[in-house]
Amino acid sequence: PTLISLAQQQNIPLPSHDPAHLAQHIFKHTYPSLADYLKPFAFTTAVLRTPAALDRAAFELACDQFAIGVRYFEVRFAPQLHAVPGELGVEEVIAAVDGGLRRATGMANAAREARC
């Protein structure tokens with residue numbers, strides 16, 4: 001999974017590197033409170049603070065959507081949560097996400113044209 005891979009690349013600690021454990025104990029289907037719901041965001045925002053990581057996550061999101069037949073979707077996120085003062089500005093965050101989405105779109109369009 002992307003979260004684990006990005007955490008390993010960036011030396012960011014996670015409670016586990018086992019996807020099943022993370023799904024069961026961190027990224028649950030339901031949460032008893034808003035506070036519990038917000039805790040996993042600490043992990044996702046920690047690994048999404050480089051242009052490469054943001055590009056990869058956006059690219060993979062779009063590829064996943066295209067793979068299940070979705071051709072139009074809206075990406076909503078809070079760029080300010082991924083910015084790093086003095087290192088990565090909000091504009092750079094947006095540009096990295098846009099780059100990943102555009103790359104995936106280009107690949108999906110090229111694959112669709114090749115089938116014609």
Side-chain angles (χ1 to χ4, degrees):
T2 305
L3 175 69
I4 294 169
S5 173
L6 291 173
Q8 289 171 332
Q9 289 172 3
Q10 299 175 51
N11 296 315
I12 295 172
L14 293 176
S16 173
H17 287 105
D18 174 44
H21 181 268
L22 288 174
Q24 182 179 7
H25 297 286
I26 306 299
F27 300 99
K28 305 172 187 180
H29 289 284
T30 60
Y31 298 88
S33 69
L34 177 60
D36 286 334
Y37 171 78
L38 293 174
K39 286 179 185 176
F41 285 94
F43 302 111
T44 57
T45 56
V47 301
L48 295 173
R49 292 201 166 178
T50 68
L54 290 158
D55 177 278
R56 176 180 170 184
F59 175 80
E60 291 181 10
L61 168 67
C63 287
D64 289 347
Q65 295 302 305
F66 297 145
I68 61 170
V70 175
R71 295 296 176 257
Y72 177 82
F73 60 96
E74 183 174 335
V75 177
R76 292 181 175 211
F77 71 110
Q80 69 276 14
L81 296 179
H82 304 282
V84 180
E87 293 180 36
L88 182 65
V90 170
E91 296 82 10
E92 294 168 295
V93 168
I94 294 168
V97 170
D98 183 57
L101 295 172
R102 286 179 186 272
R103 191 162 48 94
T105 300
M107 287 178 63
N109 288 340
R112 192 171 63 220
E113 289 172 11
R115 287 194 305 260
C116 295

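Just so it is clear, the structure is predicted and the values come from calculations on it, not from any experiment.
Between the side chain of His82 and the backbone N or O of Leu48 there is at least one donor-acceptor pair closer than 3.5 Å. Remark: the backbone N or O of Phe66 is paired with a side-chain donor or acceptor of Arg71 at under 3.5 angstrom. A donor-acceptor pair under 3.5 Å links the side-chain atoms of Asp55 to the main chain of Gly100, judged by distance alone.
Between Leu101 and Ala62, the closest heavy-atom pair is CD2-CB, 4.0 Å. Contact record, Lys28 with Gln24: CG-O, 3.6 Å, taken as the closest heavy-atom pair. Considering all non-hydrogen atoms of both residues, Phe43 and Leu3 come closest at O-CD1, 3.8 Å. Nearest heavy-atom pair, Arg56 versus Ser5, reported as atom, atom and distance to 0.1 Å: NH1-OG, 3.0 Å. Taking both residues in full, the closest heavy atoms of Ala53 and Leu6 are given as CB-CD2, 3.9 Å, listed atom of the first, atom of the second, then distance. For the residue pair Gln10 and Ala46, the shortest heavy atom distance occurs at OE1-O, 4.0 Å.
For the atom pair CD1 (Ile4) and NE2 (His21), the distance works out to 11.0 Å, reported to the nearest 0.5 Å. We find the SG-CE distance between Cys63 and Met107 to be 5.5 Å, quoted to the nearest 0.5 Å. For the atom pair NE2 (His25) and CG (Asp18), the distance works out to 9.0 Å, reported to the nearest 0.5 Å.
Residues Leu88 and Leu54 meet the side-chain proximity criterion, which asks for heavy atoms closer than 4.5 Å.
In the hydrophobic clustering of ILVMFWY residues, with side-chain heavy atoms under 4.5 Å counting as a link, Phe59 and Phe73 come out apart. Placement of Leu81 and Phe27 in two distinct hydrophobic clusters is found when ILVMFWY residues are connected by side-chain heavy-atom separations under 4.5 Å, directly or transitively.
Residues satisfying the side-chain contact (heavy atoms from CB on, under 4.5 Å) criterion with Phe41, sequence neighbours excluded, are Tyr37, Leu38, Thr44.
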